[in-house]
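One-based numbering, in listed order, for ligands and for the atoms of each.
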Amino acid sequence: MSKVKLERDGVIATVTINNPPVNALSAAVRSGILESVSAAIGDPEIKAIVLACAGRTFIAGADITEFGKPPMPPSHNDLLAAIENSPKPLIAAIHGNAFGGGLELALACHFRVATKDAKFAMPEVKLGLIGGTQRLPRAVGPELAIKMIVGGEPISAAEALNSGLIDEIVEDPVSGGGAFAHKALVEKRGLRKLRDDDSKLAAARVDRSIFTTAVAAMTKKARGLQAPFAAAHAISYAIDLPFDQGIKKEGEDCMKLLASEQSKAQRYAFFAERQAGKIPDVPENTPLRAVKRVGILGAGTMGGGIAMNFVNAGIPVTIVEIKEEALSRGLTTIKSNYGRTVARGKLTAEQVDQRMSLLRGALQLSDLKDCDLVIEAVFERMDIKKSVFEKLDAVCKAGAILATNTSGLNIDEIASVTKRPQDVIGLHFFSPANIMKLVEVIRTDQTAKDVIATAMKLSKQIGKVPVLAGVCPGFIGNRILAKRWREANQMVLEGARLWDVDRALFNFGFPMGPFQMSDLAGLDIGWVKEESQSSTLLEVLCERGRLGQKSGAGYYDYDESRNPKPSPVTEKIIGEFMASLGKTARQISEEEILERCLYPMINEGAKILEEGKAIRASDIDVVWVNGYGWPVYRGGPMYYADQIGLDKVLAKMKEYQTTLGDDFKPAALLEKLVSDGMTFGDFEPRPRQPEPT
Ligand code: NAI
């Protein structure tokens, strides 16, 4: 069936695109639009053309499966030019998302109408690409265009109307588009071609700071990424050059980005995230359990943040604490978090009131009896978790899902104290839980499939990126992190300066290195004063009261604004500690720092895969990109290893094994992939063993 349909109603033609699920602008759709629009232009009876989409959305972007393949005619820009040059008015009638290539197509039309829930964005930058840099600044001015193109941020229909991106908000796209077309004909409105309308660029042509200030704001967090800077540069063509030159240069720049390693890695990460939702033994049509109310146990650092996710998504939450004081502290923290969001203008006070009204505090476990899902976020101790799960098992209704937010305790063991181990699952959120995207969903040997399917679906519903893992110490993320931490510490005790270790990882693209991260989290997580025996550097620092940022000093010294400074005190402590171990310092190169931090992570990833604790290598990458700050433009540790070449990683591991010992013993899977000439990307998910009967 044709993906584009042309219909006539009196003097108005409607061109409807129907390419489910998101009406991606594939080659077939492009040629279909061009044919239909040309036919409508050629039909003397037709006076105006409405361009609309069937299904749930307008064109939500280019067809990214075509990226990197030989281009098929008509080219995107040829299509846009044909639309813009139509002698008859063309009206884009938008509902759902007008994203990327879809928004560019709408911008080539002479008029745009949209339903009130429509969204507009140029998200190409998130795939390491650019788009819309010539027409969008002409439509909305450079400042908003920079926010949308450089930042990839979407805007609402109301903002689109205010900024002049659309002409009208309509109830129904097709009839509203038709009515607008009639009006344009009656009023004899001139055909507005954005390519020829530079009025909104005039101010920035006189005052360059309008451009530079907006770019500086949008690229603050773009360190290491190429596309946001390339996007800003391309927007400057709109300001400095005639349209035809600008669009040509944008195209050339985009082709360069398309071939870049960064964009390849970012597109890989995009698909990896979608792939993570596919679980071989849990089919997509697995029936879900209804989750209408969520219970949370513990209103501490994690419980409060987790609760916010659900109320943000409109799901009521009951949060239970042991003591009144802890409960009110937890609720106050949530309120002040929301207060900051209001202060930044991201939410209104009414919206916050509405969310807070979905949150109920309680002191009795029995208050959780109506919950469909309970997430436990109490202290990280097996005895406490077991006692809590025994009680939950007793009070929660049949069929309720019992989840734990443990960072690494054995969930099979926790489940074993209940009479419903099939309903027990891990939901491992990351701190701050209301912000961090990653959730590791941990299945035990007994977790029921509908519980897994529900946990994955619900995590997406609250805006998270879920990845399924099996039970093992530290699951995927922390298990790999432990290897990096071990080596980072080891190198410091061999003579590397800890700020050099941090800087090497920062330069690689992490937001911060392991020691800064530890200072931020607090060195005393898991440290018990009474049991501390000065046996590790961390213990010594804790014993001296250097607990990290919160105590003003940890690995680093901190000023009042919490800026880290290399610490002579820590340096002295390290020197003494090394002397007590009889170690002498040696120079360690940045190359060695990176290899010794990163290769054992890759090796551990291989072990996780061979044990079946992650379904596929890309799931490990999704964990590290979304939960641990691995730079997205390097894909993730497993993707990175494939780019280096597994044979090179293996050779280095063997070299370090010879000099430093069996911490560097290569995983069997790494050896096997190298001998088979395969990559992690080639590694197929292993079918899960049949469930115990
Ligand atoms: P926290 O110490 O901030 O909060 C724990 C809360 O649980 C306290 O308010 C305490 O009063 C309450 N509590 C203890 N026993 C309880 C009971 N029987 N009934 C009701 N409430 C009880 O701890 P945090 O950091 O929130 O950690 C909670 C869990 O989340 C732990 O299992 C931890 O390993 C895990 N986790 C922590 C992360 C972090 O960065 N803090 C990250 C991911 C997981």
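Residue Ser407 approaches ligand 1 through these ligand atoms, each under 4.0 Å from one of its heavy atoms: 33 (C), 34 (O), 35 (C), 36 (N), 37 (C), 43 (C), 44 (C). Close approach of ligand 1 to Val320 (heavy-atom distance below 4.0 Å) involves ligand atoms 20 (C), 21 (N). Ligand 1 places these atoms under 4.0 Å from at least one heavy atom of Ile322: 11 (O), 13 (N), 14 (C), 15 (N), 16 (C), 20 (C), 21 (N), 22 (C). Atom numbering of ligand 1 starts at 1 in the shown order; those under 4.0 Å from a heavy atom of Gly300 are 3 (O), 4 (O), 6 (C), 9 (O), 26 (O). Numbered from 1 in the order shown, with element, the atoms of ligand 1 that lie under 4.0 Å from a heavy atom of Thr301 read 3 (O), 25 (O), 26 (O).
Close N/O approach between Thr406 and ligand 1 is not found [any backbone or side-chain N/O within under 3.5 Å]. The shortest N/O to N/O separation between His428 and ligand 1 does not fall below 3.5 Å. For the pair Phe429 and ligand 1, the shortest N or O to N or O distance does not fall below 3.5 Å.
Of the protein's heavy atoms, Glu321 OE2, 2.5 Å lies nearest to atom 9 (O) of ligand 1.
Look at Asp559 and Lys565 and you find no salt bridge, because none of the NZ, NE, NH1 or NH2 atoms lies under 4.0 Å from a carboxylate O. Electrostatic pairing of Arg484 and Glu604 does not count as a salt bridge here, judged by no charged N lying under 4.0 Å from a carboxylate O.
Side chain of Glu539 to main chain of Gln533: a donor-acceptor pair is present (N/O by atom type, distance under 3.5 Å, no hydrogens or angles).
Heavy-atom proximity to atom 28 (C) of ligand 1, evaluated over Asn405, Ile306, Val378, is greatest for Val378. Counting heavy atoms only, Val388 comes closest to atom 18 (N) of ligand 1 of the residues Leu427, Leu365, Val388.
Taking the ring centre of Phe270 as origin, the terminal cationic atom of Arg274 falls inside the region bounded by 6.0 Å and 45° from the ring axis. Taking the ring centre of Tyr556 as origin, the terminal cationic atom of Arg546 falls outside the region bounded by 6.0 Å and 45° from the ring axis. In this structure, Arg634 satisfies the cation-pi test against Phe508, with its NZ or CZ atom closer than 6.0 Å to the six-membered ring centre and inside 45 degrees of the ring normal.
A side-chain donor from one of Tyr628 and Asn478 sits under 3.5 Å from a side-chain acceptor of the other.
Contact analysis leaves Phe430 out of contact with ligand 1, as no non-hydrogen atom separation drops below 4.0 angstrom.
For atom 23 (O) of ligand 1, no protein non-hydrogen atom is found at a distance below 4.0 Å.
Contact annotation for Lys385 and ligand 1: only side-chain heavy atoms (C-beta onward) come within less than 4.0 Å of the ligand.
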